[in-house]
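Contents: one structure, followed by commentary.
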Amino acid sequence: MVRERIRAAAEAAGRDPNSITLIAVSKTHPAEVVDAVVAAGARDLGENRVQEAHAKKNGVRDARWHLIGPLQRNKARTALEVFDVIHTVDRSEIADRLQFLLVEHWPERVVEVLLEVNIGDEPQKAGISPGQARGLLDAVCAHDRLTVRGLMAIPPFAADPEMSRPFFRSLRELRDRLQDETGHHLPKLSMGMSHDFEIAVAEGATMVRVGTAIFGSRIPT
């Protein structure tokens, strides 16, 4: 069971298991399957695609929805209609658009976001470089309808989960430096997936994004 594995990894690292949020990543799985997982105890759901989440959300009982895939500017309004937390802010233009839409359509709302870091410097992946993180943090924090809660990353894939450890550690160290330099409280680290979430927990993850280990293999699309 995934929660038991999280608990064991946290305790081995001297951490409180309750400090770690399990995000069940439901991409490609239909609403009835997702709803059954929520009924079984999942409270946080992750989706990669804005439109897919929008199509299935009404068929799923109450949960907290996390956008963990890239956000395009033209999908920003739909994303705000669906998601409670956005993990993938990676440029100031997206932050500007979210701020504008919140002021225009949800004047009392403040949305939690994380900054996505391309921690492995992979050209095919979204995310800012570690060196750009301070500038983006300052830019996003200038918006009063967005609250930056931390950082998110997807390390380079390797069959051996231990190969992810230095990347998780680098993200944690980057977060610590940003807190020290700016005074912003950044309590969240979104890192770790089905094959390496225990390593992520050992290195400080507060959110792990687990799909296959919960839902099984993705349904081909």
Side-chain angles (χ1 to χ4, degrees), residues 9-10 13 15 19-21 23 25 46-48 66-73 75-76 79 83 85-99 111-211:
R15 299 184 59 202
S19 68
I20 299 152
T21 299
I23 300 172
V25 179
E47 284 280 347
N48 283 63
H66 300 251
L67 178 61
I68 61 172
L71 178 57
Q72 299 171 348
R73 194 174 183 277
K75 298 285 185 9
F83 295 101
V85 185
I86 297 173
H87 291 228
T88 51
V89 172
D90 64 355
R91 55 200 187 280
S92 59
E93 292 81 3
I94 285 293
D96 295 345
R97 181 63 177 165
L98 293 171
Q99 170 77 9
V111 171
E112 294 185 14
V113 302
L114 289 86
L115 308 184
E116 183 176 8
V117 180
N118 188 343
I119 201 68
D121 194 26
E122 298 175 274
Q124 76 277 17
K125 283 186 179 176
I128 52 171
S129 70
Q132 296 172 315
R134 170 67 188 272
L136 183 58
L137 177 61
D138 289 341
V140 180
C141 286
H143 295 308
D144 63 350
R145 304 307 169 90
L146 303 175
T147 298
V148 183
R149 299 289 285 156
L151 306 179
M152 177 268 210
I154 304 171
F157 179 80
D160 180 0
E162 276 292 336
M163 298 297 290
S164 296
R165 188 182 295 275
F167 297 102
F168 294 147
R169 184 174 298 154
S170 292
L171 191 71
R172 173 170 48 82
E173 291 172 346
L174 174 62
R175 185 277 308 273
D176 293 346
R177 287 198 302 274
L178 290 172
Q179 288 190 139
D180 290 343
E181 291 173 2
T182 68
H184 292 300
H185 183 46
L186 304 172
K188 303 297 184 182
L189 288 174
S190 171
M191 58 189 194
M193 297 186 289
S194 287
H195 70 293
D196 59 11
F197 69 82
E198 287 149 312
I199 303 297
V201 168
E203 291 299 330
T206 66
M207 296 172 164
V208 294
R209 310 179 304 269
V210 180

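Looking at heavy atoms from C-beta onward, Leu151 lies out of side-chain contact with Leu114 at the 4.5 angstrom threshold. Side chains of Asp96 and His143 form a contact here, defined as non-hydrogen atoms less than 4.5 Å apart. Inter-residue side-chain proximity for Met191 and Ile119 is flagged as unmet; no heavy-atom pair is nearer than 4.5 Å.
In this pair, His87 and His66 present their aromatic rings perpendicular. The plane angle is above 60°, beyond the 30 to 60° band.
Taking OG1 of Thr147 as the start and NE2 of His185 as the end, the distance is 12.0 Å to the nearest 0.5 Å. Rounding to the nearest 0.5 Å gives a distance of 12.0 Å between CD1 of Ile199 and CE of Met163. Taking NZ from Lys188 and OG1 from Thr206, the interatomic distance works out to 5.0 Å, rounded to the nearest 0.5 Å. One distance of note links CG of Asp196 with CD of Glu162; it measures 10.0 Å at 0.5 Å rounding. For the atom pair CG of Leu98 and CZ of Arg145, the computed distance is 13.0 Å after rounding to the nearest 0.5 Å. Annotation: the span from Leu171 atom CG to Ser164 atom OG amounts to 12.0 Å, rounded to 0.5 Å.
Residues forming a side chain to side chain donor-acceptor pair (under 3.5 Å) with Glu116 (at least two apart in sequence, or on another chain): none. Qualifying side chain to side chain contact (heavy atoms under 4.5 Å, CB included) partners for Thr182, counting only residues two or more places apart in sequence or in other chains: Arg134, Leu137, Asp138, His184. By the salt bridge (charged side-chain N to carboxylate O under 4.0 Å, His left out) test, Glu122 is found to be paired with Lys125, residues two or more places apart in sequence or in another chain being considered. With sequence neighbours excluded, no residue satisfies side chain to side chain contact (heavy atoms under 4.5 Å, CB included) with Pro166. Residues passing the side chain to side chain donor-acceptor pair (under 3.5 Å) test with Gln132 are Ser129, sequence neighbours excluded.
Scanning both residues, Phe167 and Gly120, for their nearest heavy atoms gives CE2-CA, 3.8 Å. Across all non-hydrogen atoms, the minimal contact from Pro130 to Asn118 is CD-O, 4.1 Å. The nearest pair of heavy atoms linking Pro161 to Ala159 is CD-O, 3.3 Å. Summarising the geometry of Ser194 relative to Val210, their closest heavy-atom pair is OG-CG1, 3.5 Å, with the distance given to 0.1 Å. In plain terms, the two heavy atoms of Leu174 and Ala133 that are nearest each other are CD2-CB, 4.2 Å. Listed here is the closest heavy atom pair of Ile128 and Asp90: CG2-O, 3.1 Å.
Test Val117, Leu115, Ile94 against Leu136 for side chain to side chain contact (heavy atoms under 4.5 Å, CB included) and you get one pass: Leu115.
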Under the side chain to side chain contact (heavy atoms under 4.5 Å, CB included) rule, what do Leu71 and Val89 come out as? Steps first, then yes or no, please. CA-CA 7 Å; Leu71 178 57; Val89 172; 5.8 Å; no
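Remark: the backbone N or O of Ser190 is paired with a side-chain donor or acceptor of Arg209 at under 3.5 angstrom. A side-chain donor-acceptor contact under 3.5 Å links Thr88 to the backbone of Gly69.
For residues 170-180, the set of pairs meeting the side chain to side chain donor-acceptor pair (under 3.5 Å) definition, not counting sequence neighbours, comprises Arg172-Glu203.
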